[in-house]
Each structure stands twice: as C-alpha cells, then as structure tokens.
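Notes follow once the structure below has been shown.
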Amino acid sequence: MNLTELLAGDSLKVAPALLGMTLRSEIGTPVEIEITEVEAYRSVEDSASHAYRGRTARNGSMFEAPGTLYVYRSYGIHWCANVVTGPVGSGQAVLLRGGDPLLGIEIIRHRRGRTTDLCNGPGKVCQALGITGDCDGTSLLTGPLVLLAGVARRHRTTPRIGISKATDHPWRFVAIRD
DNA sequence: ACGAGGATGCTCT
DNA sequence: GAGCATCCTCGTC
C-alpha cells in the first residue's frame with residue numbers, strides 16, 4: 001500500500017501508521033524529524049474535533065484531500081499541524097504531537113531557542129520545522145512539508161490530552177522506543 | 001518533581 | 001465575550 005492509499009484511510013488507522021515515518025521540512029535548509037506521537041481526530045461524530053460543527057473558514061483544509069496539511073493557531077501563540085486523512089470532505093485529521101530530530105538539529109535548536117525538549121509537543125513540532133499558517137492547505141505529497149517512509153514502530157494508546165471534550169477515547173498514539 | 005499562572009489571537013456564540 | 005487540540009517560567013516541596 002502506498003502513501004496516498006494509506007492517508008485515504010480512517011484517521012484511527014492512519015495515526016499509528018504515521019509513527020516512525022519521517023516528516024521533512026523544506027522551509028529553508030531541510031530539517032527532518034521522526035514522528036513519535038500523534039492524536040486522531042474524527043469529524044462530526046467527535047466533539048473534540050475542529051470538524052465537529054462542519055466546515056468553516058478556519059478548518060477548511062480539514063475537508064480537502066488526504067495528505068493535506070491542516071495548520072491552525074493554538075492559544076493565540078503556537079501553531080499546530082495535522083495530516084488530513086480519509087475521503088475528501090470527511091473532515092478527519094491526525095494531529096502531530098511529537099517527534100525526534102533526524103536532520104538539521106542545530107537549525108531546530110536555533111528555531112526553538114533551546115537545546116532540549118525540541119519537538120515534544122505540537123507547538124514545538126511546528127516551531128522546529130518552521131511550520132506557520134502559510135503552510136495550511138499545502139500537500140504532504142508535494143511540499144514544502146513532505147512525509148517520507150520510515151521504520152514501523154510499536155505504540156501504546158492513551159486518551160487524547162489538552163482537550164475538555166470526548167476525553168474518553170484512547171486516540172493518542174505514542175511510539176515505543178526500543 | 002510538580003503545579004499555578006500568564007502570554008496572546010482568533011473563531012464562533 | 002468565552003474558550004481554546006500550548007508552552008514557558010517561576011514558585012513551592
């Protein structure tokens with residue numbers, strides 16, 4: 001199964017498959033991280049999802065083709081990035097919550113303004129990769145952010161964090177490091 | 001180690 | 001005008 005077919009699947013299935021894959025940013029000098037933590041968000045049946053109340057100006061890219069990047073501003077300060085999944089118009093996405101630097105760690109350290117805790121959080125991932133609202137609606141199949149095959153990882157599941165609704169579903173997926 | 005609180009902007013009610 | 005899919009610093013223990 002190729003990447004396009006994978007991303008067209010349900011977010012609950014795509015989320016764990018993203019663990020271990022490489023996310024490459026070609027914004028400036030290329031930087032890469034290995035995806036280590038994600039959360040699946042569904043559509044109108046998921047009250048925690050931005051798509052819960054249907055398509056709006058902010059969440060429009062969530063309803064685009066699978067592989068589209070959905071970027072939104074969080075708490076007025078940070079950016080958060082999602083991989084859109086499922087059939088076009090279904091409004092599903094996978095939030096990128098964490099990663100490990102693979103390439104360009106010095107650039108990442110400079111962008112982050114510190115040398116530790118570089119990508120362990122959704123806002124940090126975006127800062128490390130240079131992702132901003134300008135990236136909203138771009139495709140991970142064409143760039144400037146690109147998803148590349150990696151190593152399959154085992155994972156554990158937990159409830160999603162940082163949300164106040166639909167907290168009972170174990171839709172957070174964390175890679176297990178050997 | 002852990003918890004409280006502030007920064008900050010935009011969307012939707 | 002409320003409510004965020006967050007992060008960082010600083011205060012305690």
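Quick note: numbers below take in every heavy atom, side chains included, and nothing from hydrogens, waters or symmetry partners. Residue numbers begin at 1 in each chain, while the letters A, B, ... track the order of the sequences.
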| task | Measure distances between side-chain N and O atoms of A:Tyr72 and base N and O atoms of C:dA5, and say whether any donor-acceptor pair falls under 3.5 Å. | result |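 Such a pair is found, so the answer is yes.
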[X] vs [N]: side-chain N/O to OP1/OP2 distance below 4.0 Å:
X	N	answer
A:Arg73	C:dC4	no
A:His78	C:dC7	no
A:Lys165	C:dA5	no
A:Thr56	B:dC12	yes

From [options], pick the nucleotide closest to the side chain of [X]?
X	options	result
A:Ile77	B:dC12, B:dA7, C:dC7	B:dA7
A:Arg53	C:dA5, C:dT6, B:dT13	B:dT13
A:Arg112	C:dA5, C:dC7, C:dC8	C:dC8

| said: Which residue is it: A:Leu23, A:Val146, A:Leu3? I am looking for the one with a side chain to side chain contact (heavy atoms under 4.5 Å, CB included) to A:Leu140. | reply: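 The passing option is A:Leu23.
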Would you mind reading off the distance between [X] atom [atom1] and [N] atom [atom2], rounded to a whole angstrom?
X	N	atom1	atom2	answer
A:Glu37	C:dC7	CD	C1'	14 Å
A:Asn59	C:dA5	CG	P	12 Å
A:His50	B:dC10	NE2	C1'	11 Å
A:Trp79	B:dT11	CH2	P	9 Å
A:Glu39	C:dA5	CD	C1'	6 Å
A:Ile161	C:dC7	CD1	C1'	13 Å

| A:His50 ring center within less than 6.0 Å of A:Tyr41 ring center |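 Judged by ring-centre distance (under 6.0 Å), A:Tyr41 and A:His50 do not meet the cut-off.
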| field | Contact check, side chains of A:Ser25 and A:Ile131, non-hydrogen atoms, under 4.5 Å | value |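 Not in contact.
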| task | For residues A:Cys80 and A:Leu95, determine if any side-chain heavy atom of one lies less than 4.5 Å from a side-chain heavy atom of the other. | result |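 Yes - at least one pair of side-chain heavy atoms lies under 4.5 Å apart.
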| field | Base-pairing assignment for B:dT8 (Watson-Crick or G-U wobble, both under 3.5 Å) | value |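 The base-pairing partner of B:dT8, which may sit in any strand shown, does not exist here.
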| request: State the pairing partner of C:dA5; accept Watson-Crick or G-U wobble contacts with both distances under 3.5 Å, and report none otherwise. | output: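 C:dA5 is paired with nothing.
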| message | Assess the residue pair A:Leu145 and A:Leu129 against the criterion (side-chain contact (heavy atoms from CB on, under 4.5 Å)); give the C-alpha distance rounded to whole Å, side-chain angles, the decisive distance to 0.1 Å, and a yes or no. | response | CA-CA 9 Å; A:Leu145 282 114; A:Leu129 298 183; 4.1 Å; yes
| field | Position toward the 5' end of DNA chain C (nearest nucleotide), A:Gln127 or A:Ile163 | value |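 The residue closer to the strand's 5' end, by nearest nucleotide, is A:Ile163.
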| request: Could you check A:Asn120 against A:Ser164 and say which one's nearest nucleotide on DNA chain C is further toward the 5' end? | output: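 Residue closer to the 5' terminus by nearest nucleotide: A:Ser164.
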| query | With sugar-phosphate meaning primed atoms plus P, OP1 and OP2, does A:Arg114 contact a base, only sugar-phosphate, or nothing at under 4.0 Å between heavy atoms? | reply |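 Result for A:Arg114 = sugar-phosphate.
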| request: Answer with base, sugar-phosphate or nothing: what part of the nucleic acid does A:Asp117 contact at a heavy-atom distance below 4.0 Å? | output: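 No contact.
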| task | Answer yes or no as to whether C:dA5 has its base stacked against A:Tyr41, where stacking requires a ring-centre separation under 5.5 angstrom and planes under 30 degrees apart. | result |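 Yes.
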